[in-house]
Amino acid sequence: MDRSRRSFLALAATTPLALVAGGAALASDVACDDPASLPLSLRNRRKSLGFVEVSPDAARRCGLCAFFERKQGECGTCQLLSGGPVTAAGLCNSFAAKAG
Ligand code: SF4
């Protein structure tokens with residue numbers, strides 16, 4: 001087996017584990033608020049918009065949305081959620097890509 005094929009196989013064998021580990025780290029690092037402590041109106045608004053803490057699509061997430069305003073790190077607020085807290089990794093059904 002040549003070196004490039006061996007390198008490719010080694011990379012292919014480890015990549016899924018790295019992605020899973022990275023996804024788990026992302027999911028645990030994006031908590032900008034305690035959803036249980038949010039006002040009922042905001043929790044209901046999140047539910048009505050289908051909000052999820054971690055988007056399944058890296059190209060469609062709060063951090064890339066026109067309604068997102070970054071505050072600190074991966075944490076920000078959403079105009080459609082009355083300025084309520086969201087993470088840059090989140091997503092809802094009203095996602096609108098930022099212009100430009
Ligand atoms: S509209 Fe949806 S996707 Fe956009 S920032 Fe608000 S919660 Fe995130």
Side-chain angles (χ1 to χ4, degrees):
M1 188 180 321
D2 65 59
R3 181 184 164 100
S4 62
R5 182 173 176 180
R6 201 173 307 137
S7 297
F8 171 77
L9 292 175
L11 179 63
T14 58
T15 299
L17 289 175
L19 290 175
V20 168
L26 179 64
S28 64
D29 290 346
V30 295
C32 296
D33 59 80
D34 176 7
S37 69
L38 295 174
L40 179 60
S41 61
L42 190 49
R43 283 184 275 153
N44 286 338
R45 184 86 175 125
R46 278 182 168 202
K47 188 181 290 185
S48 71
L49 292 177
F51 179 79
V52 293
E53 294 283 344
V54 179
S55 171
D57 182 352
R60 292 172 45 87
R61 53 191 171 86
C62 293
L64 302 175
C65 178
F67 299 112
F68 180 76
E69 184 176 344
R70 190 175 299 275
K71 296 295 184 183
Q72 183 175 10
E74 293 300 300
C75 298
T77 58
C78 171
Q79 295 172 12
L80 289 189
L81 292 172
S82 305
V86 293
T87 68
L91 178 68
C92 84
N93 297 331
S94 294
F95 171 85
K98 285 181 182 170

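Numbering of ligands and ligand atoms starts at 1, following listing order.
- Considering only heavy atoms from C-beta on, Leu91 comes within 4.5 Å of Val52 through its side chain.
- For atom 8 (Fe) of ligand 1, the nearest protein heavy atom (residue, atom name, distance) is Cys62 SG, 2.3 Å.
- Less than 4.0 angstrom separates some heavy atom of Leu80 from each of these atoms of ligand 1: 1 (S).
- At a threshold of 4.5 Å between non-hydrogen side-chain atoms, the residues Phe67 and Cys62 do not count as touching.
- Expressed to the nearest 0.5 Å, how far CZ of Arg43 lies from OG of Ser48 amounts to 13.5 Å.
- Under the side-chain contact (heavy atoms from CB on, under 4.5 Å) rule, Leu42 has a single partner from Leu40, Leu38, Asn44, which is Leu38.
- Shown in contact with Phe67 at under 4.0 Å from a heavy atom are these atoms of ligand 1, numbered in order with element: 1 (S).
- Considering only non-hydrogen protein atoms, atom 2 (Fe) of ligand 1 sits nearest to Cys92 SG, 2.3 Å.
- Residue contact annotation: Cys65 places no N/O/S atom under 2.8 Å from atom 8 (Fe) of ligand 1.
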task: Could you please spell out the steps behind the salt bridge (Lys or Arg N to Asp or Glu O under 4.0 Å) verdict for Arg46 and Glu53?
output: CA-CA 10 Å; Arg46 278 182 168 202; Glu53 294 283 344; 3.1 Å; yes
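- In summary, no N, O or S atom of Cys78 is located under 2.8 Å from atom 4 (Fe) of ligand 1.
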